[in-house]
Amino acid sequence: MKAIIPAAGLGTRFLPASKAIAKEMLPVLERPTIQYVVEEALCAGASEVVVILGNNKPEVMAHFSPAPDLVASLLRRGKDALAEAVSHAGALPVSFAHQDQPRGLGHALYCVEDLVRDERFFVLLGDVLVPDADLLVRMRALSEYHDGASVIAVFEVPLDQVSRFGIIDGTPLDGDAPHGSVTTWRLNDLVEKPTPQQAPSRLAVFGRYLLTPAIMAILARTAPDTSGEIQLTDALRELLRTEEIYALLVEPDEGFDCGTVASWLETNIRLAWRDPHLRAVVPAAGAVSST
Ligand code: G1P
């Protein structure tokens, strides 16, 4: 199954840091966020990883390209571990597609329509990380259990954060999942960035989707929203008219939100707290660590 990683947004929540570099290049600890996402897809057995890039931000391609001079220089200085880390990033099998204008997540996905016309595919958004977890594998198992249906990952968020996310209205299917205790829902509806009063639940769409190719025909005719963006959520609502969609819970200690400066900072602290070499420099991190 192919994995599509849209990375062509304007990154407005991180301006001015994202003025000249893609926000997906901002580091979480020692790696840019997009490297975690690429590695997550490859660990789950993705047959191909395609990153969708916008204009004038060549650093994502550079990051996933070999850098033989840098590697040689590091080896000469005896910095073997760093040389290995640089070589590893440059050798990850990633290919690239192009979105010429930032017209929303739905529009970005439609740019790779020809790649996934006849097959289900993963979509991974770079503003959430699910490192060291088998979420995509569980999503694929859930999809197969339900005859190849689409599956989206959801994460419980506080009510004051629902307006940052797509929020689902789902019927719980406890006990229905192939992995025993995993909590799943069948979607009735979903709403993009509702107010707390409008939100049908606190279950937020958490940046991981397994989609059937039928979504592409819908995206082709999905109208832009009031801000001129074509929303994947609008296309998913339309897909619900003809296909079932399921939701799978991301456990609190699996998912890391990097979508805002505050959540990105908290993710850095939580992951530093997990790392024995860094834990000492974040002595107060236990206060925010949920693991
Ligand atoms: C997008 C989706 C939203 C989802 C979110 C996850 O929003 O439209 O449904 O909850 O990603 O991070 P964005 O953050 O691109 O505005």
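Both ligands and their constituent atoms are indexed starting at 1 by order of listing.
In the vicinity of L125, heavy-atom distances shorter than 4.0 Å reach the ligand 1 atoms 1 (C), 11 (O). Counting the atoms of ligand 1 from 1 in the order shown, those under 4.0 Å from a heavy atom of T233 are 9 (O).
When atom types are taken as modelled, the side chain of T267 and the backbone of D257 share a donor-acceptor pair closer than 3.5 angstrom. Between the R208 side chain and the V128 main chain, a donor and an acceptor come within less than 3.5 Å of each other.
With respect to atom 6 (C) of ligand 1, the closest heavy atom belonging to the protein is V205 O, 3.4 Å. For atom 16 (O) of ligand 1, the nearest protein heavy atom (residue, atom name, distance) is K193 NZ, 2.7 Å. Looking from atom 8 (O) of ligand 1 to the surrounding protein, the closest heavy atom is E192 OE2, 2.7 Å.
Under the 4.5 Å side-chain criterion, counting only non-hydrogen atoms from C-beta, L236 is not in contact with L187. D225 has its side chain out of reach of E192: every pair of non-hydrogen atoms, C-beta onward, lies at least 4.5 Å apart.
Residue contacts with ligand 1: D127 is included, with a non-hydrogen atom under 4.0 Å away. Using a 4.0 Å cutoff on heavy atoms, R208 does not count as a contact of ligand 1.
Note that atom 14 (O) of ligand 1 has protein non-hydrogen atoms nearby, at separations under 4.0 angstrom.
No side-chain donor from either of E238 and T222 sits under 3.5 Å from a side-chain acceptor of the other.
Relative orientation of the W264 and F14 rings is perpendicular, given thresholds of 30° and 60° on the angle between their planes.
Between G207 and ligand 1, not a single N/O pair is under 3.5 Å apart.
Using a 4.0 Å cut-off between a side-chain N of Lys or Arg and a carboxylate O of Asp or Glu, R138 and E251 do not qualify as a salt bridge.
Only the side chain of R13 comes within 4.0 Å of ligand 1, counting heavy atoms alone; its backbone N, CA, C and O stay farther away.
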